[in-house]
Amino acid sequence: MLLEQLERPPLVLNKRNYGWLTEAICSIVEKPAKLEWWIAFILSFLLSLLLPLTIVYFISTGLGVWGLNSPVFWGLAILNFVFWIEIGHAGTLISAILLLTRQKWRNSVNRAAEAMTIFSVLCAAVFPLFHIGRQWMFWYLVPVPESYAVWQNFRAALLWDEFAVGTYFTVSCLFWYFGLIPDIAVLRDRAEKGWKKRLYHILCWGWSGSAAEWHNYELGYLCLGGIATILVVSVASVVSTDFATTILPGWHETIFPPDFITGAIFSGFAMIATLLIPLRALYPQLKDVITPKHIDNMARIMLATGSMVGYSYIIELFVAWYSANVYEKYLFLNRIFGPYAVAYFLMFGFNVFLPQLFWWKKIRSSPWAVFCISILINVGMWSERFVIVVTALSRDFLPGSWRMYYPTWVDIGLFVGTVGFFFMLFLLFTRFFPVISIAEVKTLVYEMERKEYDLKKGTSYGA
């Protein structure tokens with residue numbers, strides 16, 4: 001009886017075999033899309049159209065159509081960049097860390113997390129590219145040969161972001177694509193003659209599944225996971241130092257690097273839950289692979305990281321009081337009682353208090369409760385970026401230069417367009433590639449079958 005209570009719940013339900021897993025996951029790609037998928041795709045596509053429309057409008061008109069003013073030279077564009085890049089950090093970081101720590105429940109969520117990274121970084125890249133004003137001079141950020149007589153300003157935060165995010169995006173693409181190769185080979189073998197078979201044949205690089213290939217694959221995947229983990233921590237720190245290296249109250253914070261990393265994991269798991277819970281409802285066969293245990297684990301991590309984020313908020317308040325700095329004190333009083341107080345309370349309520357509901361198992365075991373809370377968490381994380389960027393800038397050292405910041409329809413349309421673009425890319429991803437790693441989930445089935453066989457034989461599992 002005690003052993004039954006201590007036994008961990010299975011990560012693949014109903015004792016599914018290898019053939020069922022291959023058919024269940026590949027059928028999402030191979031069978032015609034469902035009506036619900038088309039509705040979601042059309043809605044996200046229509047939202048994504050706001051992206052080119054607003055870009056064309058403000059390039060042809062000028063940056064004056066944004067809500068930027070003096071002293072708020074950084075508005076929704078930069079805070080949206082930080083919002084998307086933090087979600088991008090989370091995907092690869094979650095997959096890589098869970099790989100290095102040998103967490104087996106990772107096998108069902110890592111593919112979506114890695115794809116989420118690619119798409120969110122693409123959304124993030126839109127904002128600094130057009131925030132510079134002269135988009136045709138963007139190549140000045142690229143390390144061109146000295147013969148062009150262009151020397152980059154390595155003291156500029158924008159250049160740090162270009163190098164850090166560019167490197168991170170490259171490694172994340174390699175990490176994501178490397179893990180896809182065995183599953184692309186499965187799609188190649190199952191595809192009938194046609195353009196899909198030829199495409200998958202090219203993308204899988206002639207994968208045959210030999211023992212030598214699997215050996216090299218596992219070593220390479222592990223090495224990429226280690227590189228990605230270090231890189232994510234460094235890139236998240238670089239983005240946070242964009243603020244921390246200034247002398248502006250509210251930005252000059254040494255707690256920003258660890259706070260941004262914790263916030264990235266927090267918002268990343270919230271976004272993964274936002275993507276996977278509707279997906280498993282749309283394709284019921286995935287409920288045997290994305291189990292209540294996976295949702296419970298994600299909720300527990302959101303609870304832990306949300307508590308860490310709350311600790312950071314409290315430490316910021318304490319340091320502002322303990323520092324005896326009148327400017328720092330006023331900034332935090334302005335955040336709580338000033339004109340942008342709504343954003344501050346949304347930040348604190350959704351990021352600190354709302355995740356505490358996950359203490360109750362009944363809420364953690366309800367997928368749609370986790371889904372709703374995850375959406376509100378990302379609203380809270382967006383509010384945190386608004387609080388960091390706008391409230392610190394709108395009221396600086398000189399009261400005579402204070403001015404309110406109001407985003408225009410162009411600012412809002414650009415962000416809504418990236419939201420639609422993100423979900424459109426993810427929906428397309430589910431139609432062309434396995435959204436769950438077939439090869440890695442099969443290892444869970446193997447371990448379950450081996451354990452059951454050993455128990456029948458009366459031997460110790462793993463002996």
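If you're wondering where the values come from, they're calculated on a predicted model, not measured in any experiment. Note that the numbering runs from 1 along the sequence shown for the chain.
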I'd like to check [X] versus [Y] (side-chain heavy atoms, cut-off strictly below 4.5 Å). Are they in contact?
X	Y	result
Ser383	Phe350	no
Met302	Val370	yes
Tyr311	Glu316	no
Glu30	Leu187	yes
Pro367	Ile277	yes
Arg431	Val29	no
Met347	Phe386	no
Asp259	Ser240	no

Ignoring hydrogens and angles, tell me if any N or O in the side chain of [X] forms a donor-acceptor pair with the backbone of [Y] under 3.5 Å.
X	Y	answer
Glu384	Gly380	no
Arg300	Trp359	no
Gln285	Ala24	yes
Thr54	Leu51	yes
His252	Thr245	no
Ser172	Phe169	no
Asn80	Leu76	yes

Stepwise side-chain contact (heavy atoms from CB on, under 4.5 Å) check, Arg385 with Ile78: CA-CA 9 Å; Arg385 274 56 177 174; Ile78 295 300; over 6 Å; no
Is the [X] ring parallel, tilted or perpendicular to the [Y] ring (thresholds 30°, 60°)?
X	Y	value
Phe243	Trp251	perpendicular
Phe415	Trp382	tilted
Trp38	Phe41	perpendicular

NZ/NE/NH1/NH2 to OD/OE distance under 4.0 Å, [X] and [Y]:
X	Y	value
Arg190	Glu23	yes
Asp183	Arg111	yes
Glu440	Lys104	no

From [X] atom [atom1] to [Y] atom [atom2], the distance as rounded to the nearest 0.5 Å:
X	Y	atom1	atom2	answer
Leu180	Ile438	CG	CD1	10.0 Å
Leu275	Leu427	CG	CG	9.0 Å
Phe58	Asp411	CZ	CG	9.0 Å
Glu253	Ser312	CD	OG	10.5 Å
Ile202	Ile184	CD1	CD1	11.5 Å
Tyr177	Cys204	OH	SG	7.5 Å

Give me the atom names and distance for the closest heavy-atom approach of [X] to [Y].
X	Y	value
His294	Val289	CE1-O, 3.0 Å
Trp368	Pro278	CH2-CA, 4.1 Å
Thr262	Thr305	CG2-O, 3.7 Å
Ala299	Phe358	O-CD1, 3.5 Å
Val352	Gly310	CG2-CA, 3.5 Å
Ile25	Pro434	CG2-CB, 3.8 Å

Audit row: Leu79, Phe83, side-chain contact (heavy atoms from CB on, under 4.5 Å) steps and yes/no: CA-CA 6 Å; Leu79 74 91; Phe83 172 77; 5.6 Å; no
Worked verdict on Thr167 versus Thr170 for side-chain contact (heavy atoms from CB on, under 4.5 Å): CA-CA 5 Å; Thr167 306; Thr170 304; 5.8 Å; no
Worked check of side-chain contact (heavy atoms from CB on, under 4.5 Å) between Leu50 and Leu414: CA-CA 6 Å; Leu50 287 171; Leu414 195 61; over 6 Å; no
Partners meeting side chain to side chain contact (heavy atoms under 4.5 Å, CB included) with Leu279 (sequence neighbours left out):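 Testing Leu279 for side chain to side chain contact (heavy atoms under 4.5 Å, CB included), a comparison that skips the adjacent residues, returns Leu276, Tyr283, Leu286, Thr430, Val435.
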With sequence neighbours excluded, residues passing side-chain hydrogen bond (donor to acceptor under 3.5 Å, both in side chains) with Ser208: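 Listed in chain order: Glu213.
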Residue list, side-chain hydrogen bond (donor to acceptor under 3.5 Å, both in side chains) with Tyr200, at least two apart or on another chain: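 Applying side-chain hydrogen bond (donor to acceptor under 3.5 Å, both in side chains) to Tyr200 gives none.
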Distance-only check: which donor-acceptor pairs under 3.5 Å involve side-chain atoms of residues 113-130, not counting sequence neighbours?
unit_1 : atom_1 : unit_2 : atom_2 : d
Glu114 : OE2    : Ser95  : OG     : 2.5
Glu114 : OE2    : Tyr221 : OH     : 3.0
Thr117 : OG1    : Gly88  : O      : 3.0
Thr117 : OG1    : Gly91  : N      : 3.4
Thr117 : OG1    : Thr92  : N      : 2.9
Thr117 : OG1    : Thr92  : OG1    : 3.3
Thr117 : OG1    : Ala113 : O      : 3.2
Ser120 : OG     : Gly88  : N      : 3.2
Ser120 : OG     : Met116 : O      : 2.8
Ser120 : OG     : Thr117 : O      : 3.1

Pairs where residues 256-276 contributes a residue and the test ring-ring contact (aromatic ring centres under 6.0 Å, His included) is met, not counting sequence neighbours: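 Listed by first then second residue: Phe256-Phe260.
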Distance-only donor-acceptor check, side chains Tyr313 and Asn351, under 3.5 Å: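 A donor-acceptor contact under 3.5 Å links the two side chains.
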Between Trp207 and Trp214, ring centroids under 6.0 Å: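 Yes, the ring centres sit under 6.0 Å apart.
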Pair listing, salt bridge (Lys or Arg N to Asp or Glu O under 4.0 Å) test, anchored in residues 268-294, at least two apart: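 Listed by first then second residue: Arg16-Asp288.
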